[in-house]
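Heads up, the thing below is written out as structure tokens.
Values in this document were obtained by computation on a predicted structure and should not be read as measured data.
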Amino acid sequence: MTRIIDLDAKTAKAYLKKPECYFRSDFPPYISFETILKDTATAMGGQAYTTFQKAKPERAMDMAGVNYELLSTKDGRFAWRPFELIHPAIYMTMVQLVCEPVNWELLQKRLKELHEGVVECTSFPMASGDDDKHDAVQVRNWWLRYEQRSLELSMEYTHLLKTDVSNCYGSLYTHSIPWALHGYETAKEKQHDKNLLGNQIDFHIRNSRYGQTNGITQGSVLMDIIAELVLAYVDHQITDHLADDKDFHILRYRDDYSIFTCSDQHASEIVRVISDCLRKVGMQLGAAKTSVSTNIVEGAIKPEKLAGIQLQDMDITQAKTIQKQLLRLHSFAREYPNTGAVKRLADNAFQKISKITEVPDDLGVQVAIVCDIAAISPSAFPALSGILAKLISLAQEDARPEMWKKVAEKMKRIPHNGHLEVWLQRVTKAKDVNLNFESSEPICQVVNGQDTKLWNNDWISSQALVQALDVAKLVISKPEDLDPVPKTEELSLFREYAEFS
């Protein structure tokens with residue numbers, strides 16, 4: 001596996017322009033950003049988006065909604081995760097800027113400097129090959145360099161403290177980007193230098209977010225690299241503070257920290273240093289997810305993963321046992337909501353249930369249980385939607401529309417459910433289902449052929465660029481042409497993404 005930062009500038013630019021790098025998500029197969037990204041690049045002709053924007057006060061920075069925000073609820077209630085699709089013109093400009101040979105070399109050199117310290121970074125984005133998807137490679141990297149490395153360290157240490165950053169991307173102070181890239185003193189001296197790379201990156205991010213200095217977009221590989229740059233800068237600050245300390249080891253995977261020591265007190269002292277360094281770039285640790293363990297082998301593995309292993313081989317190929325197995329999954333989802341383990345188990349259940357041919361007597365009950373699992377763990381809905389599609393396909397034909405209507409009504413009661421609605425649309429508009437699915441989610445409206453927009457383009461003066469950004473190009477096929485029950489391979493991207501969650 002090769003880190004993206006170790007690619008040459010030309011290869012890195014081509015890689016970051018891939019649609020799966022522009023937005024890392026598990027959308028149905030009829031949605032693709034490939035054409036719109038290529039057409040945007042062609043319309044821009046290698047020029048920056050600022051060349052095509054109107055004068056003040058009609059610049060990108062002066063307008064809200066330049067990026068498209070897709071919400072994904074975490075608990076079916078009040079917690080949610082916002083994913084942002086950066087405006088394609090701004091994204092392509094940033095890729096062009098960062099991957100200019102001299103800039104890419106600066107970034108490579110700086111990251112090498114920042115990674116030489118007491119914090120072992122295991123999370124820098126890896127490049128996938130022709131036969132692999134981006135997130136599948138990240139999963140393997142996480143397993144090998146973070147989880148397996150944690151188990152190895154149990155030979156040297158007795159205590160493990162695990163903690164993570166609360167709302168990492170949303171709280172990152174954008175002015176810390178030039179600090180990380182050029183050093184604090186240099187960045188301060190040149191804070192008004194518009195040619196300084198760090199200032200330019202900061203400027204473009206703020207332009208897409210109504211001028212805000214708090215937070216960067218979450219959802220693209222490019223922003224993952226920017227976040228890693230700032231976190232590596234924090235790692236460097238941690239090294240300065242702990243230079244005289246000994247007998248500890250710190251692993252970091254993205255915003256997750258694992259601190260290995262031989263005493264609780266030592267671990268507490270180190271986490272205080274980490275907290276102080278994070279605060280300087282706008283971040284803070286989440287107390288709710290901080291845990292201490294004196295059994296490193298057990299503590300290194302997520303509890304939901306350990307629990308999920310026990311359910312991994314559940315047999316749900318017999319109709320009479322489906323309800324019992326779904327109730328087990330429901331119980332697991334209540335205890336570990338919206339975790340990667342729930343997604344994996346839901347996908348496992350879908351692969352087995354998809355083979356069922358006999359109509360169960362308790363079909364309506366099974367559908368109700370699956371819907372409630374979705375309400376508890378909405379991010380598992382791609383696999384759950386497959387289960388629902390299979391179960392409802394077993395019902396009498398004249399009963400299916402009413403069943404789907406009830407499912408849709410229940411799902412719409414879940415707040416911040418944009419990602420869920422994208423997949424609900426896939427199964428309700430499929431061949432022979434033909435439910436009139438109405439949604440307020442813009443990307444669902446695009447699929448429905450409605451005149452809507454994802455990104456605010458009012459700041460663009462070029463009609464050719466506006467035409468290149470026509471959102472109708474995102475729909476590359478019709479959901480009505482898909483089978484009502486998704487093929488297991490259709491969820492391959494979701495499967496890879498679930499492993500990484």
Side-chain angles (χ1 to χ4, degrees), residues 74 79-82 84 107 110-111 113-124 146 159-191 196 198-199 201-203 205-206 209-218 223-245 248-261 263-292:
K74 290 184 176 182
W80 64 89
R81 172 180 294 164
E84 280 187 63
L107 183 60
R110 181 57 173 165
L111 280 165
E113 294 172 353
L114 295 176
H115 283 150
E116 294 175 350
V118 300
V119 180
E120 182 180 345
C121 171
T122 64
S123 58
F124 201 89
Y146 189 66
H159 289 64
L160 169 61
L161 188 154
K162 298 180 72 174
T163 187
D164 69 358
V165 178
S166 177
N167 189 26
C168 177
Y169 284 63
S171 60
L172 189 153
Y173 182 50
T174 62
H175 290 341
S176 68
I177 296 171
W179 303 351
L181 189 53
H182 308 286
Y184 184 80
E185 296 299 331
T186 300
K188 280 294 186 180
E189 290 174 7
K190 298 184 178 182
Q191 60 182 310
L196 194 70
N199 290 343
I201 295 172
D202 177 13
F203 171 77
I205 291 174
R206 287 186 289 111
R209 309 186 81 241
Y210 212 2
Q212 294 182 79
T213 58
N214 58 313
I216 63 174
T217 61
Q218 182 171 357
M223 288 298 104
D224 290 343
I225 293 174
I226 300 302
E228 282 292 344
L229 171 65
V230 174
L231 288 167
Y233 172 71
V234 172
D235 294 345
H236 190 68
Q237 303 302 306
I238 294 170
T239 297
D240 288 345
H241 284 81
L242 297 176
D244 298 327
D245 203 344
F248 72 91
H249 197 95
I250 303 173
L251 286 184
R252 179 178 63 78
Y253 192 92
R254 290 192 177 177
D255 58 351
D256 291 332
Y257 290 86
S258 291
I259 304 165
F260 300 82
T261 64
S263 74
D264 288 343
Q265 182 180 352
H266 197 185
S268 297
E269 292 169 353
I270 292 172
V271 81
R272 186 162 54 247
V273 170
I274 294 174
S275 180
D276 289 343
C277 294
L278 285 167
R279 192 166 56 250
K280 294 175 182 177
V281 298
M283 301 180 193
Q284 62 181 13
L285 293 175
K289 289 189 176 181
T290 298
S291 62
V292 180

Please determine whether a side-chain nitrogen of the Lys or Arg among E269 and R272 lies less than 4.0 Å from a carboxylate oxygen of the Asp or Glu.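 No, no charged N to carboxylate O under 4.0 Å.
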Do NZ/NE/NH1/NH2 and the carboxylate oxygens of R254 and D164 come within less than 4.0 Å?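 No salt bridge links R254 with D164.
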Side chains of [X] and [Y] in contact at under 4.5 Å (non-hydrogen atoms):
X    : Y    : result
L231 : Y257 : yes
V271 : T290 : no
I274 : V119 : no
Y173 : V230 : no

How far does [atom1] of [X] sit from [atom2] of [Y], to the nearest 0.5 angstrom?
X    : Y    : atom1 : atom2 : result
S291 : L161 : OG    : CG    : 6.5 Å
T163 : L278 : OG1   : CG    : 9.0 Å
N214 : T174 : CG    : OG1   : 8.0 Å
Y169 : M283 : OH    : CE    : 9.0 Å
R110 : H236 : CZ    : NE2   : 6.0 Å
T239 : D245 : OG1   : CG    : 11.5 Å

Please report the shortest heavy-atom distance between [X] and [Y], naming the atom on each side.
X    : Y    : value
R252 : Y146 : C-CE1, 4.2 Å
D202 : H175 : OD2-ND1, 2.5 Å
I216 : M223 : CD1-O, 3.8 Å
E84  : T217 : OE1-CG2, 3.4 Å
G198 : I177 : O-CG2, 4.2 Å
Y233 : W179 : CE1-O, 3.7 Å

Please lay out, stage by stage, how K162 and D256 fare under the test side chain to side chain contact (heavy atoms under 4.5 Å, CB included). CA-CA 7 Å; K162 298 180 72 174; D256 291 332; over 6 Å; no
For the residue pair [X] and [Y], confirm or rule out a side-chain donor-acceptor distance under 3.5 Å.
X    : Y    : value
N199 : H182 : no
D235 : H115 : no
S123 : E228 : yes

Exceeds 12 heavy-atom contacts within 6.0 angstrom, atom CD of Q284: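 No.
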Worked check of side chain to side chain contact (heavy atoms under 4.5 Å, CB included) between L229 and I225: CA-CA 6 Å; L229 171 65; I225 293 174; 5.7 Å; no
